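Heads up, the thing below is written out as structure tokens.
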Amino acid sequence: MTSALEEKLRTAFSPEQAHLLAEVIREAYDDLVKAKDFNELKVIVADLAQAQKRTEERVDQLTVTVAELAQAQKRTEERVEELAAAQKRTEERVEELAQAQKRTEERLEELAAAQKRTEERVDQLAAAQERTERAVKQLARQVGGLSEALGGSLEDLALEVVPEILEYRWGMEIEFCDRDTLPLRNGEYEFDLVIRGQVAGRPILVLGEVKSNITESEVERFLNLVAQVAAPEEIRPLFFGYRVERAAKALIRDRNAVMVTTRGKYFP
């Protein structure tokens, strides 16, 4: 009986469980269990069989879940590794940025020092410029004074030399020789040299411009001034100076003026 029962029990239970249940049933049977109690025992065994089946199904479900959890854990660990690698790369990048920031700050300090040196140099140049400007102003005053003195000397020399040249060249009888201011059509002008006299009985008015270096533009300007003078005498323009430009000399000849140099050279 026990072997047949145990074989039946093995269809729902493990061998150990089937054997144990068979022993229990045999002992119960041996103890003259009533038919009613035996029927109840069969119900209990059936319930145990269903519970075992559900347990095994649950175990199977748990096995699948565990496998899924294992895969999820594996993916999590892989993701953690990826994050760890990314974190490492981030830390390396942060370190690179920190080094770059350090170099930038060092460069800024160098630029600040260079800017400071530049500002100091600019201040030095500004001070030098100020000293230069003072020197230039002083030199300008000196040159201006020298120019005035030289101009006065030339005019004085012209007052001495030109009348003698005109007496010799033109046979002019000198009546007046000095600086003088004459009226123009629009105002008046102080001429460096004004000589009045006669040549062969005809009244002559010589108007002279005295310059150390006579240029073409100065000749043109002076001749335009002479053209504005209204006088009863014949007006003759004259230039007196150290040097005369080639173009100025040609213009003097074209406009029927004359030139006398400081060395006493005369040319029409």
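If you're wondering where the values come from, they're calculated on a predicted model, not measured in any experiment. The analysis underlying the following values was restricted to heavy atoms, covering all of them including side chains, and did not include hydrogens, waters or symmetry mates.
With sequence neighbours excluded, the residues satisfying side-chain contact (heavy atoms from CB on, under 4.5 Å) with L83 are R79.
Between the E218 side chain and the T215 main chain, a donor and an acceptor come within less than 3.5 Å of each other. Although no hydrogens or angles enter the test, the distance criterion places no donor-acceptor pair under 3.5 Å between the side chain of D180 and the main chain of V194.
Taking OH of Y242 as the start and OG1 of T261 as the end, the distance is 11.0 Å to the nearest 0.5 Å. Taking CD of E105 as the reference point, atom CD of E110 lies at 12.5 Å (rounded to 0.5 Å). Taken from CE in M259 to CD1 in I252, the straight-line distance is 6.0 Å, to the nearest 0.5 Å. Rounding to the nearest 0.5 Å places NZ of K8 at 10.5 Å from CD1 of I25. Distance check, rounded to the nearest 0.5 Å: CE of M172 to CD of E164 gives 14.0 Å. Taken to the nearest 0.5 Å, the CD1 atom of I204 stands 11.5 Å off from the CD atom of E173.
A single hydrophobic cluster is seen to contain both W170 and L193, as judged by linkage of ILVMFWY side chains at heavy-atom distances under 4.5 Å, directly or through other members. With hydrophobic clusters built from ILVMFWY side chains whose heavy atoms lie under 4.5 angstrom apart, V210 shares a cluster with V161. Under the 4.5 Å side-chain contact rule for hydrophobic residues, I195 and L205 do not share a cluster. Clustering ILVMFWY residues whenever any of their side-chain heavy atoms sit less than 4.5 angstrom apart, transitively, puts L238 in the very cluster that holds V199. Transitive grouping of hydrophobic side chains (ILVMFWY, heavy atoms separated by less than 4.5 Å) keeps I214 and V162 in distinct clusters.
Contact annotation: the side chain of R246 never approaches that of E216 to less than 4.5 Å [non-hydrogen atoms, C-beta and beyond]. Between L182 and L207 there is a side-chain heavy-atom pair separated by less than 4.5 Å. No side-chain heavy atom of V260 sits less than 4.5 Å from a side-chain heavy atom of K265. No side-chain heavy atom of R58 sits less than 4.5 Å from a side-chain heavy atom of R54. Side-chain atoms of L157 and F240, non-hydrogen and from C-beta on, do get closer than 4.5 Å to each other. Using a 4.5 Å cut-off on side-chain heavy atoms (C-beta onward), E81 and E78 make no contact.
Side-chain contact annotation: Q17 with S14, donor-acceptor N/O pair under 3.5 Å present. A donor atom on one side chain and an acceptor atom on the other are found under 3.5 Å apart for Q52 and E56.
Residues V258 and Y266 approach most closely at CG1-OH, 3.3 Å, considering heavy atoms. Taking all atoms of both residues into account, the shortest heavy-atom contact from R253 to P268 is CG-O, 3.0 Å. Residues A22 and E6 come closest through the heavy atom pair CB-CB, 3.8 Å. Heavy atoms only, all atoms of each residue included: I174 and E167 are closest at CG1-OE2, 3.4 Å. Residue C177 comes nearest to P163 through the heavy atom pair SG-CG, 3.4 Å, listed as atom of the first residue, atom of the second, then distance.
The local environment of CG in N186 is sparse, with at most 12 non-hydrogen atoms from other residues, nucleotides or ligands closer than 6.0 Å. In this structure, E160 places its CD atom where only 12 or fewer heavy-atom neighbours from other residues, nucleotides or ligands lie under 6.0 Å away. Within 6.0 Å of atom CZ in F267, more than 12 heavy atoms from other residues, nucleotides or ligands are found, so the atom counts as buried in its surroundings.
Remark: K211 is not positioned above the aromatic ring of F239, lacking an NZ or CZ atom under 6.0 angstrom from the ring centre and at most 45 degrees off the axis.
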Item to complete: Could you please spell out the steps behind the side chain to side chain contact (heavy atoms under 4.5 Å, CB included) verdict for V206 and R196?
Response: CA-CA 6 Å; V206 178; R196 287 187 172 91; over 6 Å; no
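The list of ring pair (Phe, Tyr, Trp, His ring centres under 6.0 Å) pairs with a residue in residues 182-206, not counting sequence neighbours, reads Y189-F191, F191-F222.
Using a cutoff of 4.0 Å between basic side-chain nitrogens and carboxylate oxygens, R26 and E23 are scored as salt-bridged. Taking 4.0 Å as the cut-off between side-chain N and carboxylate O, E233 and R202 do not count as a salt-bridged pair.
Each of E209, E155, E190 was compared with R179 under the salt bridge (Lys or Arg N to Asp or Glu O under 4.0 Å) criterion, and only E155 meets it.
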